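Here's the structure, in structure tokens; my notes come after.
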Amino acid sequence: MSAQTETHAPSLPSPPGGNAGEGTPRIVPVRRTGQWAAAVVVLLLLAGALVSVVRNDAFQWGVVGEYLTTDAVLRGLGLTLWLTALVMVLGFALGTLLAVFRLSGNRVLQAVSWGYIWLFRSTPILVQLLFWFNIGALYPQILGVDTVNLLSPIAVAVIGLTLHEAAYAAEVVRGGILSVERGQLEAAQSLGLGPWRRLRRIVLPQAMRSIVPPAGNMLIGTLKGTSIVSIIAVQDLLYSVQLVYHRTYEVIPLLLVATLWYVAVTSLLSIGQYYVERHYARGTAGTR
């Protein structure tokens, strides 16, 4: 009599609708009751705040719409944009030079760059503007030139903001240069490229991945920071709406006009920054 062998089919896990005692235990999803409750509360608070802003007659939304695109406001906006662009270009040009000095092997250039950055980052921008605005009181003549009426308010704004932004731009550029691998510089040097060609052809294109994000933040900060020039009577966006509400006493709606324009422009700059970052981050991990 031959032995009979029994074969058993492997047991399969029971379906989700089966008995709990058969097969493998069910996987129960984690309940996030607290997170959902917090989200609902936050949404309700935001909705309530939005409704209160829209329905509050004190905001005078009709006045906001009336002045939003007036000639005076648009001229102030144009000056703000022009001032922002000019200060960023000049600030990064000077900041790049300061960053190169800081990274050079010359001790004098290093000390000058470090001292400049230390001084202008330690002094409030308002104080710097007031010093330049009163330069005639400090130095009535420079090289035989009368300085009392030499600088207009716009010139003071450009000089003060540029020197201030250059100190921060220098650190942004220096951080970007330091992010480039040392081997890239050694390879470029072995090919016989000079220092300036290495900087322009090898270092800066790779450093832009690290430079663009803080530079974009600086651009947005500079746009909003230009509002401080209203203290020296430069007719930027904020000063333009101030002139109007000093005449009409409609302070809140005119401040909302300036706020809406700042929000619109900074939103556009943020979108542009996103695409510029994507361009320079091509080929790197985590690019989206």
Side-chain angles (χ1 to χ4, degrees), residues 76-102 109-140 142 147-176 211-243 245-246 251 254-259 261-263 265-266 269-270 273:
L77 175 63
L79 181 58
T80 294
L81 296 177
W82 174 82
L83 189 60
T84 301
L86 183 61
V87 166
M88 285 297 294
V89 171
L90 297 179
F92 263 89
L94 180 56
T96 302
L97 184 63
L98 290 170
V100 172
F101 285 176
R102 184 82 181 273
L109 295 180
Q110 288 181 10
V112 170
S113 176
W114 182 89
Y116 179 98
I117 295 170
W118 167 77
L119 177 63
F120 282 92
R121 292 203 324 182
S122 303
T123 311
I125 179 59
L126 179 58
V127 175
Q128 297 177 34
L129 287 175
L130 292 177
F131 266 117
W132 285 107
F133 191 70
N134 295 282
I135 189 67
L138 298 173
Y139 297 98
I142 297 179
T147 60
V148 175
N149 297 315
L150 179 63
L151 298 178
S152 65
I154 292 181
V156 170
V158 171
I159 293 173
L161 292 175
T162 297
L163 296 178
H164 177 77
E165 294 299 321
Y168 290 90
E171 290 298 278
V172 170
V173 175
R174 185 173 72 92
I211 292 175
V212 168
N217 292 333
M218 279 187 58
L219 175 61
I220 294 174
T222 301
L223 173 70
K224 296 183 295 183
T226 55
S227 61
I228 202 170
V229 301
S230 61
I231 198 69
I232 56 175
V234 175
Q235 294 190 17
D236 68 322
L237 176 59
L238 179 59
Y239 191 79
S240 297
V241 300
Q242 286 176 332
L243 290 178
Y245 73 60
H246 285 157
V251 179
L254 268 300
L255 288 178
L256 282 174
V257 168
T259 300
W261 276 118
Y262 280 122
V263 169
V265 176
T266 53
L269 291 178
S270 299
Q273 177 185 351

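Just so we're clear, the structure is a prediction, and the values are computed from it rather than from any experiment. In this chain, residues are counted from 1 in sequence order.
Contact annotation: the side chain of Leu90 never approaches that of Glu165 to less than 4.5 Å [non-hydrogen atoms, C-beta and beyond]. Counting heavy atoms from C-beta on, the side chains of Tyr116 and Leu163 come closer than 4.5 Å. Trp82 has its side chain within reach of Ile154: a pair of non-hydrogen atoms, C-beta onward, lies under 4.5 Å apart.
In this structure, Leu79 CG and Tyr239 OH are separated by 12.0 Å, a value rounded to the nearest 0.5 Å. Note that CG of Leu126 is 12.0 Å distant from CZ of Phe133, once rounded to the nearest 0.5 Å. Going from atom OH of Tyr262 over to atom CD1 of Ile220 covers 14.0 Å, rounded to the nearest 0.5 Å. The OG1 atom of Thr123 sits 7.5 Å away from the CH2 atom of Trp118 when rounded to the nearest 0.5 Å. With values rounded to the nearest 0.5 angstrom, Leu238 atom CG is found 12.5 Å from Leu77 atom CG. The line from CZ of Phe92 to CG of Leu219 is 8.5 Å long, rounded to the nearest 0.5 Å.
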* Derivation and outcome, side chain to side chain contact (heavy atoms under 4.5 Å, CB included), residues Leu86 and Val158 -> CA-CA 8 Å; Leu86 183 61; Val158 171; 4.0 Å; yes
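Across all non-hydrogen atoms, the minimal contact from Ala166 to Leu94 is CB-CD2, 3.6 Å. Across all their heavy atoms, Gly160 and Trp132 have their closest contact at CA-CD1, 4.1 Å. The two residues Ala215 and Val172 come nearest to each other via the heavy atoms N-CG1, 4.3 Å. The shortest non-hydrogen separation linking Gln273 to Asn217 is NE2-OD1, 3.9 Å. Here the shortest heavy-atom pairing between Ser240 and Gly76 reads OG-CA, 3.4 Å. Residue Leu130 comes nearest to Ile232 through the heavy atom pair CD2-CG2, 4.4 Å, listed as atom of the first residue, atom of the second, then distance.
More than 12 heavy atoms of other shown residues, nucleotides or ligands fall within 6.0 angstrom of atom CD1 in Ile125.
Side chain of Thr80 to main chain of Leu237: a donor-acceptor pair is present (N/O by atom type, distance under 3.5 Å, no hydrogens or angles). The main-chain N or O of Ser227 is found under 3.5 Å from a side-chain atom of Ser230 such that the two form a donor-acceptor pair. The main-chain N or O of Ile159 is never found under 3.5 Å from a side-chain atom of Thr162 such that the two would form a donor-acceptor pair.
Of the options Thr222, Leu161, Leu223, Asp236, a side-chain contact (heavy atoms from CB on, under 4.5 Å) to Leu83 is made by Leu161 and by none of the others.
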